[in-house]
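Mind looking over this structure? Questions follow.
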Amino acid sequence: MQRTAPILSALLVLALAAAPAAHAHRAGDGGSAVAAGPAAAHKPKLRECYDARCTFTVRKPVTFPIAKRFGFSKLTVRRVGGGSVSVTGRAPNGYAQVTVGRGGVGHLNGISIRVLSISDTKARVRLAPTG
């Protein structure tokens with residue numbers, strides 16, 4: 001009996017230590033998600049934007065790579081004031097820029113930019129290829 005008490009104590013300690021982490025991994029919508037820190041929670045996932053097919057929320061300027069078929073190497077998206085979004089495409093020899101207001105649609109080298117919503121702190125933007 002004396003040997004099982006330390007083993008049970010060790011298992012109990014491990015179980016209690018793991019309990020908060022297990023709780024943090026639960027998602028409220030039935031899926032599984034990893035709880036993220038405050039900084040990670042505000043950073044949009046932009047990998048899917050490479051082919052200009054994505055919807056994301058921008059709180060501060062973001063820059064991401066874009067397929068070369070659009071004529072740019074990178075796009076930068078940022079809010080301009082409380083009412084519009086600026087999208088800049090960068091290429092080795094220059095850049096092009098479009099500013100789109102709330103509910104508006106702009107075009108930049110075969111990319112459609114739609115501002116779905118905008119506030120003083122964030123903007124919801126959808127990119128789609130036009131051709």
Side-chain angles (χ1 to χ4, degrees):
M1 269 301 206
Q2 286 183 331
R3 288 186 183 194
T4 58
I7 293 171
L8 289 175
S9 296
L11 289 175
L12 181 60
V13 169
L14 288 174
L16 291 174
H23 179 70
H25 293 293
R26 269 192 244 145
D29 61 354
S32 62
V34 176
H42 295 293
K43 186 174 182 183
K45 295 178 182 176
L46 299 170
R47 286 184 184 210
E48 63 268 10
C49 290
Y50 182 78
D51 66 350
R53 294 180 193 275
C54 62
T55 301
F56 58 95
T57 300
V58 61
R59 288 176 170 78
K60 61 181 183 176
V62 293
T63 300
F64 52 90
I66 193 81
K68 291 181 182 175
R69 72 175 186 256
F70 298 112
F72 305 115
S73 56
K74 294 180 181 181
L75 282 184
T76 300
V77 180
R78 64 184 174 91
R79 285 180 303 104
V80 180
S84 58
V85 171
S86 170
V87 180
T88 305
R90 301 230 177 255
N93 298 328
Y95 70 95
Q97 185 173 15
V98 65
T99 301
V100 183
R102 176 182 294 118
V105 178
H107 296 89
L108 194 63
N109 278 20
I111 302 171
S112 170
I113 300 110
R114 180 178 299 271
V115 178
L116 302 174
S117 64
I118 193 163
S119 70
D120 289 336
T121 59
K122 63 186 176 182
R124 187 87 175 140
V125 179
R126 177 174 295 146
L127 302 182
T130 59

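All values reported here derive from a predicted model rather than from experimental measurement.
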Problem set entry | Straight-line distance of Lys60 NZ to Arg79 CZ, nearest 0.5 Å | 11.5 Å
Problem set entry | Heavy-atom closest contact (Ser84 atom, Gly101 atom, distance) | CB-CA, 3.9 Å
Exercise. Do you know the tightest heavy-atom contact between Phe70 and Ile111?
Worked result: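 Shortest heavy-atom contact: CD2-CG1, 3.5 Å.
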Exercise. Looking at Ala91 and Gly71, what are the two nearest heavy atoms and their distance?
Worked result: CB-O, 3.4 Å
For this session: Check step by step if side-chain contact (heavy atoms from CB on, under 4.5 Å) holds for Leu75 and Thr63.
Result: CA-CA 6 Å; Leu75 282 184; Thr63 300; over 6 Å; no
Problem set entry | From CA spacing to verdict: side-chain contact (heavy atoms from CB on, under 4.5 Å), Val87, Thr76 | CA-CA 6 Å; Val87 180; Thr76 300; over 6 Å; no
For this session: Heavy atoms only: give me the nearest Ile66-Lys74 pair and the separation to one decimal.
Result: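 Heavy atoms only, the tightest pair is CG2-N, 3.9 Å.
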Exercise. How would you list all residue pairs meeting disulfide bond (SG atoms under 2.5 Å apart) that involve residues 47-131, not counting sequence neighbours?
Worked result: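 Only Cys49-Cys54 qualify under disulfide bond (SG atoms under 2.5 Å apart).
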Exercise. How far apart are the closest heavy atoms of Ser86 and Val80, and which atoms are they?
Worked result: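 In terms of heavy atoms, the two residues are closest at CB-CG2, 3.4 Å.
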Problem set entry | 4.5 Å side-chain heavy-atom contact, His107 and Ile113 | no
Exercise. Looking at Tyr95, is Arg90 sitting on its ring face, NZ or CZ under 6.0 Å from the six-membered ring centre and within 45 degrees of the normal?
Worked result: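 Checked: cation-pi criterion met.
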Distance-only donor-acceptor hits, side chain of residues 116-126, under 3.5 Å, sequence neighbours excluded:
{"unit_1": "Ser119", "atom_1": "OG", "unit_2": "Thr121", "atom_2": "N", "d": "3.3"}
{"unit_1": "Ser119", "atom_1": "OG", "unit_2": "Thr121", "atom_2": "OG1", "d": "3.4"}
{"unit_1": "Ser119", "atom_1": "OG", "unit_2": "Lys122", "atom_2": "N", "d": "3.3"}
{"unit_1": "Ser119", "atom_1": "OG", "unit_2": "Lys122", "atom_2": "O", "d": "3.4"}
{"unit_1": "Arg124", "atom_1": "NH1", "unit_2": "Thr57", "atom_2": "OG1", "d": "2.8"}
{"unit_1": "Arg126", "atom_1": "NE", "unit_2": "Thr55", "atom_2": "OG1", "d": "3.0"}

For this session: Assess whether side-chain contact (heavy atoms from CB on, under 4.5 Å) is satisfied between Phe72 and Leu108, documenting all intermediate values.
Result: CA-CA 10 Å; Phe72 305 115; Leu108 194 63; 3.9 Å; yes
Exercise. Which residues pass the side-chain contact (heavy atoms from CB on, under 4.5 Å) test with Asp51, sequence neighbours left out?
Worked result: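 Counting only residues at least two positions away or on another chain, Asp51 forms a side-chain contact (heavy atoms from CB on, under 4.5 Å) with Arg53, Arg69.
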Problem set entry | Shortest non-hydrogen contact between Phe56 and Phe64, atoms and distance |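 It is CZ-CE2, 4.3 Å.
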